[in-house]
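First the structure, in the form of structure tokens, and then the observations on it.
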Amino acid sequence: MDKQTPSLPALASHHVDPHAYPNGVAYLDGQYVPVSQAKVSVLDYGFLHSDATYDTVHVWNGRFFRLDLHIERFFGGLERLRMSIPYDRDAVAKILHDCVALSGHRSAYVEMLCTRGASPTFSRDPRDAVNRFMAFSIPFGSVANAEQLERGLHVAISHRIRIPPASVDPAIKNYHWLDLVRGLYDAYDKDAETALLLDFDGNVAEGPGFNVFAVRDGRLTTPATGVLAGITRRTVFDLCAELGIEANAGTVTVTALREADEVFITSTAGGIMPVTRIDGRPVAAGRVGPVTNRLKDLYWQKHEEPAWSSPVSYG
Ligand code: PLP
């Protein structure tokens, strides 16, 4: 952990087991603690019922990327779930900054979350629970590793259906991941590296922690409904507007995905990541395409620009 400065809040001193947890700092119950010490009660409904919402933003080269958008989405989730936290947007931003600064991370995966919490009587009425806000910073992690980013991911289309939006509103970023996790295991069984799930109509939806885009004749399409409105997905639209590339949210059939010129996925955990094989067959020539590369380069360039990113104050 980097040296602390007087301008930063104190880090509670606890024993850290470096073998069990990534290096990082968490905030909960008004304290900053090593991530290894950030514990949740077994009676918390965030754990028992997956009754929670969260958001993840990243820090790259010492700068948060589009933090305001992530905080806005998080507060939207809180409101829809009727949760309340004793912090406003600026206070949440300050806590996230502090977690990163105390960790000393230059590139980080930073999460803010709120669980329903536990109730003192274990009442089943969610209104009795005391909502709990937490945050943490751990080293930056990506859906795709360096080799996969270079040659493109190998994806399998799962027969599992992504939880429909009429059941769980994807505008609330959530931990309903059993479909995604089982899809991942299906993909591993087929020697693929990650999965794409379908919606109820059999069209492509999203994968474990990412949205997907198909490029055909220079035009981009991404699934319109039943998916999290990813900030990276939105960023792709913004970049396309700047570059004069046509991009639409619509229906992406499995056939359209298989027959695309290029396919890529988007996530805060990795940015814009190429896909070059679907169900064992190459996407077009099986190489990372020019549109993907162009968007990816511009995406990372924007991480240096003040209009898109804000510096962490390391003290
Ligand atoms: N879809 C799901 C289910 C996700 O969990 C995520 C991110 O965690 C995404 C899409 C991508 O969203 P973002 O670009 O905001 O990271």
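Every heavy atom of this structure was used, including side-chain atoms; hydrogens, water molecules and symmetry mates were not. These numbers come from a predicted model, not from an experiment. If you read the sequence from its start, that first residue is 1, and numbering goes on from there. We count ligands from 1, going down the list as the structure has it; atoms in each ligand are counted the same way.
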Problem - Plane angle bin for His97 and Phe64 - parallel if under 30°, tilted between 30 and 60°, otherwise perpendicular - result: tilted
Practice task
For the residue pair Tyr299 and Phe65, categorise the inter-ring angle as parallel (less than 30°), tilted (30 to 60°) or perpendicular (more than 60°).
Solution key: perpendicular
Would you mind running through ligand 1 and noting each atom that sits below 4.0 Å from a heavy atom of [X]?
X: Arg162; result: 3 (C)
X: Arg73; result: 15 (O)
X: Gly230; result: 12 (O), 13 (P), 14 (O), 15 (O)
X: Thr232; result: 13 (P), 14 (O), 16 (O)
X: Glu206; result: 1 (N), 2 (C), 3 (C), 10 (C)
X: Thr268; result: 13 (P), 14 (O), 15 (O), 16 (O)
X: Asn211; result: 10 (C), 11 (C)
X: Trp177; result: 5 (O)

Does the side chain of [X] come under 3.5 Å of the side chain of [Y] through a donor N or O and an acceptor N or O?
X: Asp128; Y: Ser119; answer: no
X: Tyr32; Y: Asp98; answer: yes
X: Asp191; Y: His154; answer: no
X: Thr268; Y: His58; answer: no
X: Thr276; Y: Arg151; answer: no
X: Asp44; Y: Thr115; answer: yes

Problem - Contact (N/O only, under 3.5 Å) between Lys173 and ligand 1 - result: yes
Practice task
Please confirm whether Ala269 comes within less than 3.5 Å of ligand 1 when only nitrogen or oxygen atoms on both sides are compared.
Solution key: no
Handout entry: Identity and distance of the protein heavy atom lying nearest atom 15 (O) of ligand 1
Key = Ile231 N, 2.8 Å
Problem - atom 4 (C) of ligand 1: the protein heavy-atom neighbour that sits closest, reported with distance to 0.1 Å - result: Gly209 CA, 3.4 Å
Exercise for the section: For residues Phe133 and Met112, determine if any side-chain heavy atom of one lies less than 4.5 Å from a side-chain heavy atom of the other. Expected result: yes
Practice task
Report yes or no: does a heavy atom of Tyr175 sit under 4.0 Å from some atom of ligand 1?
Solution key: no
